[in-house]
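Reviewing the structure listed below.
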Amino acid sequence: MTTLQAAQPNRAFTNGIQSLPGKARQRLANIQDIDLYLAAQLCQWLNCEADWLFHSIAGASHALQQGHSCLYLPAWADRTEWHSDDKPGYHFPPLHDWLAQLSQLPIDPEDNAPIVLHNERLYLRRYWQFETELAGYLRQRMQADPGQSPNTKTTKVALQELFPNLATAAKDAPQDWQAIAAANALFNGFNIIAGGPGTGKTYTVTRLLALLAMTSRKPLTIRMAAPTGKAAQRLAESIRAAKSDLAGRIDMIALNSIPDDATTLHRLLGVIPNQLDFRHHQRNPLSCDVLLVDEVSMVDLPMMTRLFRALPEHCKVILLGDADQLPSVAAGSVLADLAQRPHPGYSPERAKALKSLGLTVPTSNAEHSAADYLSYLYHSRRFDSAGGIGILARQVINGEADASLATLQGDHPDLAWIPAENAQQQISQWVERWYRPIASAANKTEAFNALFQFRLLCPTRVGPMGVEALNERILRTLNPTRAPFFKGQPIMITENHYGVGLYNGDIGLIWPDDTTGHLMAWFQTGDNDYRPLAPGRLPRFETVYAMTIHKTQGSEFERVAMVLPEQAMGLLSRELVYTGLTRAKRELFVVGGEGVWCEGVLKRIDRSSGLTLYPK
């Protein structure tokens, strides 16, 4: 008999339960039926028909759909939710009363109920388990010694080989945060290196991996992964470039221990078709001594937990990402939860250890608040400190709506503001300037280079200024005959297909084969290296002149045009705007209305979570 079968619900309540969601729909707006039905079923399981419990469970389920791992009760207490012009919604109890009511139910962590009340948060049990399990793995790696402490003399010599400026830096020189991040990770089994675009994250971790190899007493098996195929490809390209810069300067054995290739997290863990579980887990762990994961802001809570389940205890983990970017599409905000901002400082013990290597870091004054696992990179080499894109990025993430609009409309040569009324004319000019020449390129290498010179980015797929409408409009211009495939057509895969090795978000180009002249779908596998696939073998895809900002995480383009919706919408936030504008390397154009821009910059994504490394 299962736990659910063991419950003895009130029969009167059971008989009326089918009508309960219908009644709720009459008074609640903007909530899905699945949330209401789950609430009804769990009320039945708990043998409690109270209105406050029904809406509490519906709220926990609804919060999960919005990316929260739990319902944070202080944020919902004494508030009316799910109301509209014609629906009154539901007013939740004051926090003290609400907690008192919930505490009467057998829903503590040890009660094994389908919902869990913990630290003023209400969870669906599965997500409480994900959070608790992941926090346990992380604390274990923070406490465990991943190996003997590094030899100070050997490490100091290796650091100066990898970061030559350390040896010649003046005493009053600015801190070298890249060297600090690399050295700090020697002492931890779990590390986060965070920083914005152009701060040298892959430059730093390449030297970190070399440092690990140079100071290790045995050969290391190092693996690298990212959430998407495109992000994995970019990681591998960046690491190869950084390795070539080190060639001839450090021991070749250490250099060759750094892999040239990266994989997706799904491929790393081993997908089993039609199953949630992976081939690698607690009983079949991965074989690796060091794991580097890039673009961690995109990794959701369940995936991160499953990743740590599959790691051997001795494996050193390095997470890399930008904590200000959009969080994962699914529930959780692991990187933002763990990468505290500003950095709270290092422990006195860690500061002393780094001092012995010639590195100085700020210390934390508060007990249990030191973040020895965390390093930030602050100086952007992509965006000049006086350049428009860099200034704009800082203003957006700080929520400075008016100042950011003034920057956009100012005289920075790398920024341009296009009012909404000029959008159609401007987009037509961009199509002729950047997209039409792709088909006229001399070869596919030049065509791919042309493809990444410019990209239209949108917050949403729908609406007159959404991805679907813009792609359709551009197709009418560039493919008037409506051929299913045409030379120079950019495509994006929209589903994972492990059989042909293509994954959601991979971008390719339709181009003739050099020998037969037949149109093929080509995908980059490295620098000037391409893999062809017959169009008929493609998994689901779409033409991609315009793409959503979500899909661009892990990508960058020479120029970006961010097209705002006609009206502010729920998806628009400062994290979305920041992610979109930082995809641009050289120029950024923003199309839209001033009010929409300001509303987007003012709105912040704040996901509720209980993930912490310092348990209460």
Side-chain angles (χ1 to χ4, degrees), residues 230 416 418 420-494 502 505-514 516-524 530 532-549 551-552 555-565 580 583-584 586-592:
K230 183 62 182 176
I418 294 92
E421 57 267 24
N422 299 336
Q424 300 299 341
Q425 178 184 0
Q426 183 63 69
I427 290 171
S428 296
Q429 292 176 7
W430 285 328
V431 169
E432 296 302 319
R433 175 69 180 88
W434 300 111
Y435 285 151
R436 189 179 292 279
I438 294 174
S440 303
N443 51 56
K444 58 179 172 287
T445 297
E446 289 189 11
F448 267 100
N449 289 338
L451 175 61
F452 286 98
Q453 289 298 307
F454 174 80
R455 191 60 52 90
L456 285 167
L457 304 186
C458 309
T460 179
R461 293 186 59 84
V462 299
M465 291 295 159
V467 164
E468 294 173 356
L470 292 181
N471 278 327
E472 176 60 28
R473 176 185 167 184
I474 296 169
L475 278 170
R476 285 199 301 268
T477 300
L478 299 182
N479 182 30
T481 63
R482 313 302 286 177
F485 298 100
F486 58 95
K487 183 181 179 183
Q489 176 186 5
I491 60 173
M492 181 172 65
I493 304 302
T494 58
L502 291 175
D506 287 352
I507 291 179
L509 192 67
I510 302 297
W511 197 261
D513 180 76
D514 293 339
T516 66
H518 295 157
L519 289 176
M520 302 289 285
W522 298 85
F523 296 87
Q524 283 185 307
Y530 308 93
L533 191 71
R537 296 190 61 204
L538 287 170
R540 282 188 297 186
F541 70 93
E542 61 188 24
T543 301
V544 63
Y545 292 107
M547 59 194 300
T548 62
I549 294 172
K551 288 287 189 180
T552 65
S555 299
E556 62 182 20
F557 310 95
E558 293 297 315
R559 299 163 186 85
V560 160
M562 188 158 50
V563 183
L564 302 177
R583 299 311 90 198
R586 290 176 53 187
E587 289 184 281
L588 171 73
F589 314 101
V590 178
V591 182

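Because the structure is a prediction, the values reported are computed rather than measured. Numbers here are sequence positions counted from 1.
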Full working for side chain to side chain contact (heavy atoms under 4.5 Å, CB included) between Val462 and Val467
CA-CA 7 Å; Val462 299; Val467 164; over 6 Å; no
Side chain to side chain contact (heavy atoms under 4.5 Å, CB included) assessment of Thr460 paired with Met465
CA-CA 8 Å; Thr460 179; Met465 291 295 159; over 6 Å; no
For Leu588 and Val590, run side chain to side chain contact (heavy atoms under 4.5 Å, CB included): C-alpha distance rounded to whole Å, both residues' side-chain angles, the deciding distance at 0.1 Å, then the answer.
CA-CA 7 Å; Leu588 171 73; Val590 178; 4.1 Å; yes
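Applying the side-chain hydrogen bond (donor to acceptor under 3.5 Å, both in side chains) criterion to Arg482, with sequence neighbours excluded, gives Glu472. Here Pro512 pairs with Lys487, Leu519 under the side chain to side chain contact (heavy atoms under 4.5 Å, CB included) rule; sequence neighbours left out. In terms of the side-chain hydrogen bond (donor to acceptor under 3.5 Å, both in side chains) criterion, Arg433 has no residue partners (sequence neighbours excluded). With sequence neighbours excluded, no residue forms a side-chain hydrogen bond (donor to acceptor under 3.5 Å, both in side chains) with Arg537. By the salt bridge (Lys or Arg N to Asp or Glu O under 4.0 Å) test, Arg559 pairs with Glu587, sequence neighbours left out. Applying the side chain to side chain contact (heavy atoms under 4.5 Å, CB included) test to Ala469 and every residue at least two apart in sequence or in another chain returns nothing. Among residues two or more places apart in sequence or in another chain, the side-chain hydrogen bond (donor to acceptor under 3.5 Å, both in side chains) test is passed with Thr543 by Gln489. Not counting sequence neighbours, Phe523 has no partner by the ring pair (Phe, Tyr, Trp, His ring centres under 6.0 Å) test. Not counting sequence neighbours, the partners of Thr445 by the side chain to side chain contact (heavy atoms under 4.5 Å, CB included) test are Asn443, Asn449, Asn528, Tyr530. Partners of Ala450 according to the side chain to side chain contact (heavy atoms under 4.5 Å, CB included) rule, which considers only residues two or more places apart in sequence or in another chain, are Ile438. With sequence neighbours excluded, no residue satisfies ring pair (Phe, Tyr, Trp, His ring centres under 6.0 Å) with Phe486. Glu432 meets the salt bridge (Lys or Arg N to Asp or Glu O under 4.0 Å) test with Arg436; sequence neighbours excluded.
Between Phe448 and Trp511, the closest side-chain pair of non-hydrogen atoms is not below 4.5 Å. Side-chain contact between Leu509 and Ile491 is absent, with no heavy-atom pair separated by less than 4.5 Å. Looking at heavy atoms from C-beta onward, Leu470 lies in side-chain contact with Val563 at the 4.5 angstrom threshold. Between Leu478 and Val431, some side-chain heavy-atom pair lies under the 4.5 Å cut-off.
In this structure, Thr516 contributes its side chain and Asp513 its backbone to no donor-acceptor pair below 3.5 Å. A donor-acceptor pair under 3.5 Å is formed between the side chain of Asn471 and the backbone N or O of Ala546. Of the possible polar contacts, none joining the Trp434 side chain to the Arg455 backbone as a donor-acceptor pair under 3.5 Å is found.
Side-chain rings of Phe454 and Tyr545 stay apart, their centers remaining 6.0 Å or farther from each other. A distance of 6.0 Å or more separates the ring centres of Trp430 and Tyr435.
Other residues, nucleotides and ligands contribute only 12 or fewer heavy atoms inside 6.0 Å of the CD atom of Gln425.
Under a 4.0 Å N-O distance rule, the pair Arg461/Glu468 qualifies as a salt bridge.
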